Number of protein chains: 2
Amino acid sequence: MPYVMVQIPHTPSAASPTPRPVPTSADVARLAGVSRATVSYVLNNTSAVRISEPTRRRVHEAAKELGYVPHAAARSLRAGHSRMVLMPAPAIPAGPLYGQFINDLQWALSRLDYTVVQYVTAGLRGDEAARAWAELRPVAVLVPGAGPGAEGVAVLKRAGARAVVTLGPERVDGAHALLMDHEAVGRCAGAHLYARGRRRVGVVVPAETGLETYSRPRLEGVRRALYGTDASVTELPLGYTEQSAGELASRWRQLGIDSVFAYNDEYAMLLMRALQDEGVRIPEDTAVVGADDLMLGRLLRPRLSTIHIELPSGRELAELVDRVVRDPGGTPETHEVLGASVVRRESS
Amino acid sequence: MPYVMVQIPHTPSAASPTPRPVPTSADVARLAGVSRATVSYVLNNTSAVRISEPTRRRVHEAAKELGYVPHAAARSLRAGHSRMVLMPAPAIPAGPLYGQFINDLQWALSRLDYTVVQYVTAGLRGDEAARAWAELRPVAVLVPGAGPGAEGVAVLKRAGARAVVTLGPERVDGAHALLMDHEAVGRCAGAHLYARGRRRVGVVVPAETGLETYSRPRLEGVRRALYGTDASVTELPLGYTEQSAGELASRWRQLGIDSVFAYNDEYAMLLMRALQDEGVRIPEDTAVVGADDLMLGRLLRPRLSTIHIELPSGRELAELVDRVVRDPGGTPETHEVLGASVVRRESS
DNA sequence: TTGAAAGCGCTACCAG
DNA sequence: CTGGTAGCGCTTTCAA
């Protein structure tokens, strides 16, 4: 049987079976009839060299026709540096407060002409993760939460990172630190409840993993605020489910607690609801204080007292990063950036 | 009172004034007394070539001593491809529902050995943004929300992206689509309220910008569900503040509305509170339905009826991406991935 | 078993 | 004003 060429019907929208190679600046040069150097000059608007207007146009047209997009990796390889700011993505989705802060920060960095990238690190941790970040040769690394060890910081620095900034509960050697002292949140809550005459203070600690970074210091803060007084502190594990809250509420009277600091507003809402269903009056029988000053606290009845947390503006932090990148010589700075203040409403 | 960053005095630590150049594989080779090729073989465990054990050790030791970390850009430049999956970061922080979904997805992709990167695009939009993404030569791009036009998709494909997937309300030519039909959410709510005997339906539309992508379709869905019936639909702009909610509630009786679909549970909570403060009984005078099925809805009194939204599992989507990357030839698929179902509680 | 060398795409020197 | 070219760090043939 003779061989017959058969054309396979093919919709134009489908990806071509042999994808054309990605156009390079050499392709643009060829099409425009100039050298690669000229293409580079034109597309980068290099001021040190003047290219005639007709040539510019030809280059631009060729680039557009080919759909040319420069290759960032090649460019930064050649340049020997990049303007990438790398932020490891948090392992669990950030709450509204912290999420907004991160957002502002990233936006401010973008405005300063940095390429901001959130890097998703799954599985690796500590110095493993730091190595993975270092492979991208970021000019700066902003590490939220429990950061890498001093070892990890050293790896990043050796890989050319001009600024390593941690945003978390503790300093790391060699890195700039934005100290977010969550103990202060607990201290604030403890002192407030004590001042309101409460002496048997419960502290809700989320049962969910991944929150320990914040929940432990908040608990410790309450302990510290009440240390040496006649008040007692009881740790209350609580999962973020109605059932868990119900169980805790059902043995509330046995616990003999007259007040509770609930980690944050969401856990506070959960617990408050369960307590009310159990007939516990708030604040008469039990005072409740949340944290983060979310909208929902204002909407509860009674209105929820809370610890307002002040984070630095994204712009400030972006400027710090920029300053350090421009002058990496300085000694690492440590800034206390977490302001905690009580917002008394009706629940305490 | 604005919070002020306070610098804490700090012992001078070793930031060397003349930072050593970043070690390269050539440095490792020199220190180990072998060639760069051998270093590459050893560090990549190249199976096609066998290196003697003593040599391996020497290389590893040299690498460790120098703190050598390979240069990802150089590597992928040489390789001609990368395993980077790029996701533009949403302009506003994602809510808990969507945030969890994104998180799962990223984690699943990491497990498949992709480098997942959230790219923060500030200022640029549409095809401008697509060009910026294309510069990184990602192997796949996942675009949430209102994506780039067909133009943008073409740019990405020409830049070597083997998979472009949009996660949003509409298809884009040339890209695979995970259609999240938010109209279905509105239809669901509208049909439910109609079935409950409500005929004058209000729909809360957030006044905040950036939410139109979701709020418009949800409104349209309600309209569609009630089209041709004797029910009317009233659009109710609402800012996420107590004041805005108070104003809306104060003119509630004039509006003559007997039910409201509140965009999501948070806006529902805000409005419900204001209505209750105004003496409006829920659900007798006004039925309220939220969306997203957040925990907080269960905690309200009356318990909030809501539209439960089912998103695909991150693992499923990750596998789709992986499949398309491995075989980019196929025609773009469109999947309906948003399941909406009413969860009737006490507020409707 | 190891080394020499080419070349990925780009920019910045230096000549013409 | 424009072109040739070296070289960023890496991997991978091909030779030795």
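Note that this is a predicted model, so its numbers are computed, not measured. Letters go in sequence order (proteins before strands), and every chain restarts at 1.
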Nearest-Å distance for atom pair CZ/C1', residues A/R78 and C/dA12: 5 Å

Going by the side-chain contact (heavy atoms from CB on, under 4.5 Å) test, name the single residue among A/L311, A/L178, A/L109 that passes it with A/L317. A/L178

Given DNA chain C, 5'-ward residue of the pair B/A79 and B/V34, judged by closest heavy atom: B/V34

Describe the nucleic acid contact of A/T46 in one word from base, sugar-phosphate, nothing, applying a heavy-atom distance below 4.0 Å. nothing

Checking all strands, does B/S40 fall into the base, sugar-phosphate, or nothing category for heavy-atom contacts under 4.0 angstrom? base

Applying a 4.0 Å non-hydrogen cut-off, can you work out what A/S76 is touching in the nucleic acid: base, sugar-phosphate, or nothing? nothing

Rounded interatomic separation in angstrom, taking CD1 from B/I51 and P from D/dT11: 13 Å

Quick note, A/S35 side chain, CB onward, closest among D/dG3, D/dC10, D/dC8 is D/dG3

Taking only side-chain N and O atoms of A/T38, does any of them lie within less than 4.0 angstrom of OP1 or OP2 on D/dG3? yes

For B/S25 and for A/A37, find the nucleotide of DNA chain D with the closest heavy atom, then tell me which residue's nucleotide is more 5'. A/A37

What's the verdict on salt bridge (charged side-chain N to carboxylate O under 4.0 Å, His left out) for B/D322 and B/R326, showing C-alpha distance, side-chain angles and the deciding distance? CA-CA 6 Å; B/D322 187 47; B/R326 298 166 105 100; 3.0 Å; yes

Which whole-number value in Å describes the distance from B/H81 NE2 to C/dG9 P? 13 Å

Rounded interatomic separation in angstrom, taking CG from A/N44 and P from C/dT11: 5 Å

How is A/V49 classified with respect to the nucleic acid when contacts are heavy atoms under 4.0 Å: base, sugar-phosphate, or nothing? base

Run the numbers on A/V59 and A/L43 for side-chain contact (heavy atoms from CB on, under 4.5 Å), then give the verdict. CA-CA 8 Å; A/V59 170; A/L43 296 184; 4.1 Å; yes

Calculate the interatomic distance between B/L43 atom CG and D/dT12 atom C1'; express it in whole Å. 15 Å

Write down the distance between NE2 (B/H71) and P (C/dG9), rounded to a whole number of angstrom. 17 Å

To the nearest 0.5 Å, what is the distance between CZ on B/R50 and CZ on B/R56? 7.5 Å

Can you tell me if the side-chain N/O atoms of A/T55 get under 4.0 Å from OP1 or OP2 in D/dC1? no

Phosphate oxygens OP1/OP2 of D/dT13: is one of them under 4.0 Å from a side-chain N or O of B/Y41? no

Of A/V117, A/L86, A/L124, which meets side-chain contact (heavy atoms from CB on, under 4.5 Å) against A/W133? A/L86

Taking CZ from B/R36 and P from C/dA5, how many angstroms apart are they, rounded to a whole number? 11 Å

For B/R75 and D/dC8, give me the distance from atom CZ to atom C1', rounded to whole Å. 16 Å

